[in-house]
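Worth saying up front: this structure is predicted, and the values here are computed from it rather than measured. To find a chain, count down the sequence lines: A is the first, B the second, and so on, and within it residues start at 1.
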Amino acid sequence: MSQEYPLQRESEFSWRIDPSGKMRVPGIIYADETLIREMDDKVFEQLCNVASLPGIVQAAYAMPDAHWGYGFPIGGVAAFDPDLGGVVSAGGVGFDISCGVRALRTGLSIEEIEPVKKQLVDALFRQVPVGVGSTGRIHLNDKGMTAMLKGGARWAVEQGFGEPGDLERIEEKGCMAGADPGEVSARARKRQQDEMGTLGSGNHYLEVQRVAEIYDPRIATAFGLRENDAVVFIHCGSRGLGHQIGTEFLKYMVLVASRHGIELPDRELACAPINSELGQAYLGAMRAGINCALANRQIITHLTRQVFADVLPKADLTLIFDVSHNTCKLESHPVAGRQRKLYVHRKGATRAFGPGNPEIPETLRAVGQPVLIGGSMGTESHILAGSEQGAGLSFNSACHGAGRAMSRHRATKLWRGRSVVDELAERGILIRSPSMRGVAEEAPGAYKDVRAVVDAAEKAGLAKKVARMEPRLCIKG
DNA sequence: ATGTGC
């Protein structure tokens with residue numbers, strides 16, 4: 001644990017760094033003692049940097065899966081008040097804008113999947129493009145690109161990818177308002193024109209999982225989950241488009257920071273006032289990036305349904321929910337007893353609205369928003385539900401995954417992709433990937449213990465555990 | 001995360 005950053009234990013699952021130097025607010029980390037001890041000192045340093053940005057409200061937060069990121073920690077949450085000089089930061093959203101997870105029920109039990117598992121994983125691997133630079137069968141011209149950037153998953157459904165009923169189970173009903181395709185450069189558009197409906201690389205995957213354990217039967221029933229059900233998890237984002245938007249705006253934000261009177265503790269924290277031309281331009285482009293990710297996951301859902309229709313015609317894939325974990329969104333939150341409109345950055349952190357929140361679909365409003373936690377390849381995933389107390393703890397945010405425990409480079413020194421695949425196959429978990437190096441980088445041992453992460457999130461009060469899933473097959477970038 | 005990068 002850090003010598004340099006004095007952590008005060010606030011409770012069994014929360015830790016605090018009091019403001020010092022240029023920090024305007026404290027840093028708060030939700031974690032158990034083991035997670036805190038193993039957390040990179042860089043997380044604390046980055047959290048203190050975030051806490052020093054103009055207009056930050058209440059505290060800079062780190063989730064239990066936090067690790068070192070670009071500028072902001074991954075697993076970081078920070079909210080800014082536009083009227084107090086609050087800022088928006090490209091690095092605070094992350095390069096993979098609106099990277100997120102979508103979970104689907106299949107209407108099948110795992111016993112129905114097992115006999116055709118190999119056929120299913122091979123068909124998915126053929127049908128869903130994966131890997132660095134992967135392209136799909138959809139090619140968008142500039143007009144189509146603009147419509148996609150404006151319409152998100154709603155556009156995808158209009159194009160015949162999926163069903164109108166899907167939209168109800170997506171954040172923002174599948175279409176992020178305030179997107180400004182005019183702020184998305186020609187280069188970003190070009191990079192994306194052949195990449196719709198592709199999974200990408202890194203930690204992105206498509207898995208078929210077994211519901212292994214139900215923690216909260218009432219909420220599980222509301223989410224349509226039963227033990228032994230087969231479910232699909234899709235984890236991916238906005239591909240080359242989001243990355244290009246992030247890269248370009250980061251550069252502009254570095255250039256004009258001093259003009260806005262912003263002193264950057266770290267160049268990677270480049271940001272612009274929300275109430276500035278650049279801040280508004282970024283928000284418009286970022287929202288278009290959100291729509292790109294929502295459309296991408298929608299198209300992949302359609303491809304997945306086609307595969308199931310072929311291999312398991314009895315299947316009926318219905319959307320449980322779709323959550324993004326790299327965003328900046330305008331939300332209303334109580335601060336010291338007063339509702340305030342804040343721009344909440346969640347980078348590697350999942351929105352987790354509690355019961356009653358009007359943003360949650362009516363059919364789920366009584367139980368809270370599904371919080372989808374994708375574990376690493378070969379390990380378990382979790383579904384949680386937003387809690388009422390989460391509002392006062394982290395602007396209704398929770399963890400997003402297991403969180404890396406070491407660098408990709410170190411992981412490739414410790415594991416061989418081929419042996420990882422073989423070992424998982426022995427446990428009946430089938431992996432298909434174009435990159436054995438990618439598999440080594442994503443080896444289960446390179447990640448934190450996802451169950452410890454989820455337990456800490458629950459015990460800190462951020463969200464409530466609902467169900468635990470085990471992977472049976474996985475296609476990976 | 002990324003038409004992976006120096």
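Distance, A:H204 NE2 to B:dT2 P: 5 Å, rounded to whole Å. Between A:R187 atom CZ and B:dT2 atom P the separation is 16 Å, expressed in whole Å. Per the geometry, CD1 belonging to A:I245 stands 13 Å off C1' belonging to B:dT2, to the nearest Å. A:Y70 places its OH atom 12 Å from the P atom of B:dG5, with the value rounded to the nearest Å. In this entry the distance linking CG of A:L250 with C1' of B:dT2 reads 14 Å, nearest Å. What separates CZ of A:F95 from P of B:dT2 is a distance of 12 Å, to the nearest Å. What separates CZ of A:R437 from C1' of B:dG5 is a distance of 9 Å, to the nearest Å. Rounded to whole Å, the distance from CG on A:D194 to C1' on B:dT2 is 16 Å.
As judged by a 4.0 angstrom heavy-atom cut-off over every strand, A:G94 is placed among residues making no nucleic acid contact. No contact: A:G237 has no heavy atom under 4.0 Å from any strand.
Taking the six-membered ring for Trp and the full ring otherwise, the centers of A:H325 and A:H235 sit less than 6.0 Å from each other.
A:F95 and A:H243 have tilted rings, their planes meeting at an angle from 30° to 60° on a 0 to 90° scale.
For A:T247 and B:dT2, the shortest distance from a side-chain N or O to OP1 or OP2 is not below 4.0 Å.
With sequence neighbours excluded, the residues that form a side chain to side chain contact (heavy atoms under 4.5 Å, CB included) with A:N326 are A:D96, A:C99, A:K347. Every residue meeting the side chain to side chain contact (heavy atoms under 4.5 Å, CB included) condition with A:R416, not counting sequence neighbours, appears here in chain and number order: A:S419.
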